[in-house]
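Structure first, commentary second.
Only heavy atoms go into these numbers, but all of them, side chains included; no hydrogens, no water, no symmetry mates. A, B, ... follow the sequence lines: proteins, then strands. Residue 1 opens every chain.
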There are 2 protein chains.
Amino acid sequence: MNIKDAVGRANLPAKIIHYYEDVGLIRPLRDPNGYRVSRDSDVHKLGFLGRARALGFTIKDCRVLLSLYEDKARASADVKDIAQRHLDQITQKINALQAMQDTLSHLVTTCHGDTRPECPILADLAPAIPSGQNR
Amino acid sequence: MNIKDAVGRANLPAKIIHYYEDVGLIRPLRDPNGYRVSRDSDVHKLGFLGRARALGFTIKDCRVLLSLYEDKARASADVKDIAQRHLDQITQKINALQAMQDTLSHLVTTCHGDTRPECPILADLAPAIPSGQNR
DNA sequence: CTGCACCTTCCCGCCATGGGAAGATCAAGC
DNA sequence: GCTTGATCTTCCCATGGCGGGAAGGTGCAG
């Protein structure tokens with residue numbers, strides 16, 4: 001099938017499919033006119049990649065996951081390792097974001113949000129460095 | 001002061017200071033030799049920016065926040081608006097990450113992680129598309 | 001005067017795309 | 001056969017917020 005059908009079946013934009021081919025994740029055939037010809041197996045891989053990306057795996061991870069996926073002699077430990085590392089990173093990101101969230105939600109609820117200039121948000125952002133005079 | 005002292009006082013790497021100047025967030029003076037001369041007010045702004053960035057505000061937000069910070073006739077509502085929008089985005093990101101976290105942590109605990117190929121993680125990544133035959 | 005620390009600008013790379021241009025190709029209608 | 005429009009191709013540029021590193025000027029101490 002041509003790329004438009006692959007787009008419809010894999011639920012990924014054509015740009016992404018181009019990119020995934022560019023970085024070697026898929027290798028669709030080519031018609032004599034140069035058009036990509038996606039086999040079902042290509043579409044299948046694209047679906048896999050779309051799901052993996054939706055779970056936040058990097059392209060690098062996807063490359064390894066895909067090779068493990070196709071390796072029937074794989075050890076599930078290898079897959080689990082990657083997933084665990086990724087999970088740890090996600091947890092770290094969540095923690096960082098929650099710290100921001102905590103601070104910000106507190107500041108936002110504290111700020112009057114009216115026409116007056118007083119603002120605890122800006123007060124929080126202001127550094128504790130003694131202002132001093134210019135040069 | 002020269003950039004090295006500004007680095008020490010603002011607790012930001014020189015690259016960042018260059019960048020912030022490049023995008024017009026700060027405008028340090030220049031010595032005749034071309035060296036940047038950071039006033040206390042520049043260092044102060046850098047501290048503000050570092051704190052704002054640490055809370056996840058974009059450079060675009062920082063630009064507005066900084067101008068509000070310096071505008072003594074500001075309305076705190078303007079600041080609150082920006083912070084609220086940012087907070088909403090953070091919350092969205094957290095939600096997205098937590099969805100990944102939920103899925104992944106479940107998958108990781110389910111996976112045996114041994115030498116056998118069976119792997120619920122890969123099974124989850126596999127698309128539900130009927131595999132079919134090649135072309 | 002030598003050496004070294006410091007400063008400058010400039011350009012490339014990251015990551016995973018999105019936008020859009022320029023040009024080939026295909027399929028349908030006339 | 002010709003035109004039109006949809007589809008396809010490759011290519012380059014932009015995003016955000018930096019980091020790395022090269023090439024070259026400057027300041028200062030010994």
*Heavy atom of residues 80-89 of chain B under 4.0 Å from DNA chain D: which residues?*
none
*Among all residues two or more places apart in sequence or in another chain, which pass the salt bridge (Lys or Arg N to Asp or Glu O under 4.0 Å) test with B:Arg36?*
B:Glu21
*Side-chain contact test, heavy atoms from C-beta onward, threshold under 4.5 Å: evaluate it for B:Asp61 versus B:Thr58 and give yes or no.*
yes
*Roughly how many Å is it from CZ in B:Phe57 to C1' in D:dG16, rounded to a whole number?*
17 Å
*Return the value, rounded to whole Å, for the distance between atom CZ of B:Arg53 and atom C1' of D:dG17.*
6 Å
*same_hphob_cluster(A:Val37, A:Ile16) at 4.5 Å side-chain heavy-atom cutoff*: no
*Rounded to the Å, how far apart are B:Arg63 CZ and D:dG16 P?*
10 Å
*Over how many whole Å does the gap from B:Arg30 atom CZ to D:dG25 atom P extend?*
17 Å
_Terminal contacting nucleotides, 5' and 3', DNA chain C versus chain B (heavy atom, 4.0 Å)_ = C:dC6 to C:dC10
*Parallel, tilted or perpendicular: which fits the ring planes of B:His86 and B:Phe57, with parallel below 30° and perpendicular above 60°?*
tilted
_For a quick check, tell me whether the side chain of B:Lys15 and the base of D:dG21 share a donor-acceptor pair closer than 3.5 Å._
yes
_Of B:Ile3 and A:Tyr35, the one whose closest DNA chain C nucleotide lies more 5'_ = B:Ile3
*Expressed in angstrom and rounded to an integer, what is the separation of A:Ile17 atom CD1 from D:dT10 atom P?*
13 Å
*Ignoring hydrogens and angles, tell me if any N or O in the side chain of B:Lys80 forms a donor-acceptor pair with the backbone of A:Cys111 under 3.5 Å.*
yes
*For D:dT10, does either OP1 or OP2 sit under 4.0 Å from a side-chain N or O belonging to A:His18?*
no
_Toward the 5' end of DNA chain D, by each residue's nearest nucleotide, B:Asn33 or B:Gly56_ = B:Gly56
*asked:* Count I, L, V, M, F, W, Y as connected when their side-chain heavy atoms are under 4.5 Å apart, and connections chain through other members. Are B:Tyr35 and B:Tyr19 then in the same cluster?
replied: no
*In whole angstrom, give the distance that lies between atom CD of B:Glu21 and atom P of D:dC18.*
15 Å
*Evaluate the criterion side chain to side chain donor-acceptor pair (under 3.5 Å) for residue pair B:Glu118 and A:Ser76; output intermediate values, then yes/no.*
CA-CA 6 Å; B:Glu118 288 75 30; A:Ser76 63; over 6 Å; no
*Base, sugar-phosphate, or nothing: which does A:Tyr20 touch, judged by heavy atoms less than 4.0 Å apart?*
sugar-phosphate
*Please give, in whole Å, the distance from D:dA14 C1' to B:Ile59 CD1?*
17 Å
*Among B:Leu125, B:Leu122, B:Leu107, whose side-chain contact (heavy atoms from CB on, under 4.5 Å) with A:Val79 holds?*
B:Leu122
*Starting at NZ of B:Lys93 and ending at P of D:dG16, how long is that distance when rounded to a whole Å?*
12 Å
*Does a salt bridge link A:Asp42 with A:Arg39, judged by any charged N lying under 4.0 Å from a carboxylate O?*
yes
_Of A:Lys4 and B:Pro13, the one whose closest DNA chain D nucleotide lies more 5'_ = A:Lys4
